[in-house]
2 protein chains.
Amino acid sequence: MVTEQGSAFERGKLTDPDCPTRLVLDRIGDKWTVLVVTLLADGPLRFTQLRAGIGGVAPKVLTQTLRALERDGLVTRTAYPEIPPKVIYELTELGHSLRAPVAAIADWSERNVNRILAARTAHDQA
Amino acid sequence: MVTEQGSAFERGKLTDPDCPTRLVLDRIGDKWTVLVVTLLADGPLRFTQLRAGIGGVAPKVLTQTLRALERDGLVTRTAYPEIPPKVIYELTELGHSLRAPVAAIADWSERNVNRILAARTAHDQA
DNA sequence: CAGCATCCTACAGGATACTG
DNA sequence: CAGTATCCTGTAGGATGCTG
């Protein structure tokens, strides 16, 4: 399988530490980002709603995740100067577009998780 | 949440710590797995060839990565009892099939990395 | 050549408590 | 409500040296 021109695999950029794929992988590879994006996919949510939707995230960590998402232009943060405060998080268009590739991962995962688990069990026997 | 039947996003499994997507994300989210899979995509390679192809991996870490891939049935390891030793790593069919979703990530990354970087810079100004 | 054994450190992630 | 401020720990990843 020497060449398969056009595929993302032949561009050889993955060896570069600043490679785009690495950048994105570092983002979605963390513990909560994909979950947050998924929850926001159906519409804007408040901080507490996200917290509840996830279950078991320390507020500090959720804040970190959201701030990073905001910094990368994937999420907007809108604070309403009320008392008590209200903050709305919403996916940007860029954030929404991320759903497609993530769905590709999710679909592959669900179709193949059994094979992985089986291989794992078999391997752990021996 | 509201329901948008069919999409991988509404299955609500991501909240489950044992969710398939989390499992795969934990795999490909690490530092070297995607790179190894990419290198093996064009054909089998020896340990040293992988090392060279990556550049800067500690042998221990590369071994860990390969063992994990082997355990999950994504890579086969074939040791030839010669002196000096020769070990060939090769993608399984399952391993090859992983290339597609990873390519989806890679494509999205390359198309949008500029937007992310721009958002990042803009955000860091303010 | 293809690794294992050992030691080490940075940092992601978490627990807990407090506040504008 | 939506966070900060602190403190703490597990572990991924790395550096170095040795061996069948």
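Just so we're on the same page: letters track the sequence lines, and every chain starts at 1.
With B/Trp108 contributing its side chain and A/Ser97 its backbone, the two residues share a donor-acceptor pair below 3.5 Å.
In this structure, B/Asp26 places its CG atom 13 Å from C1' of C/dG13, rounding to the nearest Å. Between A/Arg27 atom CZ and C/dA12 atom P the separation is 11 Å, expressed in whole Å. Atom CZ of A/Arg51 is separated from atom P of C/dA15 by 11 Å (rounded to the nearest Å). B/Leu45 places its CG atom 15 Å from the C1' atom of C/dA2, with the value rounded to the nearest Å.
Contact annotation: the side chain of A/Val75 never approaches that of A/Glu90 to less than 4.5 Å [non-hydrogen atoms, C-beta and beyond]. Counting heavy atoms from C-beta on, the side chains of B/Leu25 and A/Val102 never come closer than 4.5 Å. Here the side chains of A/Val57 and A/Leu35 are not in contact, with every heavy-atom distance at 4.5 Å or above. Considering only heavy atoms from C-beta on, B/Arg120 comes within 4.5 Å of A/Leu23 through its side chain. Between A/Arg46 and A/Ile88 there is a side-chain heavy-atom pair separated by less than 4.5 Å. Counting only heavy atoms from C-beta outward, the side chains of B/Leu40 and B/Leu69 never approach each other to under 4.5 Å. A heavy-atom distance below 4.5 Å is found between the side chains of B/Arg51 and B/Leu62. Under the 4.5 Å side-chain criterion, counting only non-hydrogen atoms from C-beta, A/Asp30 is not in contact with A/Gln64.
For DNA chain C, the neighbouring residues in residues 58-65 of chain B, judged by any heavy atom under 4.0 Å, are B/Lys60, B/Thr63. Near DNA chain D, defined here as any heavy-atom distance below 4.0 Å, the residues from residues 74-86 of chain A are A/Arg77, A/Pro84, A/Pro85, A/Lys86, listed numerically.
Residue B/Arg46 is in sugar-phosphate contact alone, with no base atom involved, counting any heavy-atom pair closer than 4.0 Å across all strands shown.
The residues B/Asp26 and B/Arg22 are annotated as salt-bridged, a charged nitrogen and a carboxylate oxygen being separated by less than 4.0 angstrom.
In this structure, A/Ile54 CD1 and A/Gln49 CD are separated by 12.0 Å, a value rounded to the nearest 0.5 Å.
Under a 4.5 Å side-chain heavy-atom cut-off, the cluster of Ile, Leu, Val, Met, Phe, Trp and Tyr residues that includes B/Ile83 has no other member.
When the side-chain nitrogen and oxygen atoms of B/Tyr89 are compared with OP1 and OP2 of C/dG3, one or more of them lie within a distance under 4.0 Å. The shortest distance between the side-chain N/O atoms of B/Arg67 and the OP1/OP2 oxygens of C/dG3 is below 4.0 Å.
Take A/Arg67 and apply the salt bridge (Lys or Arg N to Asp or Glu O under 4.0 Å) test, not counting sequence neighbours, and it matches no residue.
Bending across the helix from C/dC1-D/dG20 to C/dG20-D/dC1, expressed as the angle between its end axes from five pairs apiece, amounts to 60° (10° rounding).
When DNA chain D is scanned in the 5' to 3' direction for atoms under 4.0 Å from non-hydrogen atoms of chain B, the outermost contacting nucleotides are D/dG13 to D/dG20.
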